[in-house]
Amino acid sequence: MPRLRKPITGVDPKLLIKDAAKLLPEPSRRRFLRGATSLGALALLTGCDIIDGDTSENALRVVSRFNDWVQARLFNPHTLAPTYPESAITRPFPFNAYYDEDEAPQIDGSRYQLQIGGLVDNKKPWTLAELYKLPEVSQITRLVCVEGWSAIGSWQGVKLSDFLKLIGADTSAKYVWFQCAEGYSNTIDMPTALHPQTQLTLKFDNKILPTAYGFPIKIRIPTKLGFKNPKYVTAMWVQNNDAGGYWENQGYNWFSGL
Ligand SMILES: Nc1nc2c(c(=O)[nH]1)N[C@H]1C(S)=C(S)[C@@H](COP(=O)(O)O)O[C@H]1N2
Ligand SMILES: [Mo]
């Protein structure tokens, strides 16, 4: 798979550190930036020595990992993403993927089954008929894409935390991994999976999810960037190892919180 992020020559690691420090609350920020200790601290926190990295791409990766580390610790599982009135919904809602809309996977809903695996008591696969019977929650929230656009949409489905409880998932596990029909994937941390707004989405705008927006299942996470919201989901695994994801593996920040 081709790497997307090319090495950036002439990037000053000191500036990168300043950038990373912006995420830190005071007084840790000032302490972190004081003197030559930052490089050492960064190495300590990320378990990676920035000085050993001879390319600036390496430096970027270290800072990115550091950002993930800080963001995961600043994430408040009780802070809700903003919600909007129906009049604010973006119409038409944009489609986005790493391919054109006419290449989006076409899934036969009558034969579809959501596969369940990993640290879960009941690994029985779920048909759509079964999923549509579960209690429905709704949200009108903003999807923010890393490419520089955002849009407000209306999504309905099952609260992911309820679904995880229903299948007897071990919620002390570290991650939930999602596999998609066309090969896309995402791993999310358990606190995000259990966040009250994280949704196993079956509908857009109160209608069965159209192909463009991920039929039959999208995982809607309004506290994360769009690329951490997998569409065309075919499998969900509860596990302790980080299986990465399509863009995460190409250098995008793993946490990518909003
Ligand atoms: N399976 C799959 N899920 C995906 C993607 C993809 O390419 N494949 N793209 C992601 C990105 S980058 C964005 S911004 C959102 C777009 O969702 P939308 O088409 O509903 O606007 O889907 C995310 N989920
Ligand atoms: Mo995106």
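Here, residue 1 is the first one in the sequence, and each next residue gets the next number. Order of appearance sets the numbers: ligands from 1, and atoms from 1 within every ligand.
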Quiz item: Looking only at heavy atoms of Glu147, does any of them come nearer than 4.0 Å to an atom of ligand 1?
Solution: no
Practice problem: With heavy atoms of Ala212 as the reference, note each atom of ligand 1 found under 4.0 Å away. | Solution: 19 (O)
Exercise. Heavy-atom contacts with Cys145 under 4.0 Å: which atoms of ligand 1 show up? List them by number with element.
Key: 14 (S)
Quiz item: Are Asp189 and Lys228 within salt-bridge range, i.e. N to O under 4.0 Å?
Solution: no
Quiz item: Which is it for Glu182 and ligand 1 at heavy atoms under 4.0 Å: side chain, backbone, both or neither?
Solution: side chain
Practice problem: Please check if the side chain of Glu101 supplies one atom and the backbone of Phe95 the other of a donor-acceptor pair under 3.5 Å. | Solution: no
Quiz prompt | Part of Tyr232 within contact of ligand 1 (heavy atoms, under 4.0 Å) | solution = side chain
Practice problem: Taking only heavy atoms of Tyr99 into account, list the atoms of ligand 1 that are under 4.0 Å away from them. | Solution: 8 (N)
Quiz prompt | Proximity of Asn229 to ligand 1 by residue part, where a heavy atom lies under 4.0 Å | solution = backbone
Self-check item: Residue among Tyr112, Phe163, Tyr132 satisfying ring pair (Phe, Tyr, Trp, His ring centres under 6.0 Å) with Trp126
Solution: Phe163
Quiz item: If hydrogens are left out, which of Phe178, Trp155, Tyr184 has an atom nearest to atom 4 (C) of ligand 1, that is, the closest non-hydrogen atom?
Solution: Tyr184
Practice problem: Would you check whether Asn96 has a nitrogen or oxygen atom less than 3.5 angstrom from a nitrogen or oxygen atom of ligand 1? | Solution: yes
Practice problem: Below 4.0 angstrom from a heavy atom of Pro94, which ligand 1 atoms are there? Numbered from 1 as shown, please. | Solution: 18 (P), 19 (O), 21 (O)
Quiz item: Counting each atom of ligand 1 from 1 as listed, which ones have a heavy atom of Tyr98 under 4.0 Å away?
Solution: 7 (O)
Quiz item: What part of Cys180 sits under 4.0 Å from ligand 1 if we count only heavy atoms: the side chain, the backbone, both or neither?
Solution: side chain
Practice problem: Would you sort out whether Lys218 and Phe204 count as a side chain to side chain contact (heavy atoms under 4.5 Å, CB included), showing the intermediate values? | Solution: CA-CA 10 Å; Lys218 174 193 179 98; Phe204 183 88; over 6 Å; no
Practice problem: Please work out which of the three classes, parallel, tilted or perpendicular, describes the rings of Phe93 and Tyr213, given edges at 30° and 60°. | Solution: perpendicular
Quiz item: What do we get for Phe93 next to ligand 1 when only non-hydrogen atoms under 4.0 Å count, side chain, backbone, both or neither?
Solution: side chain
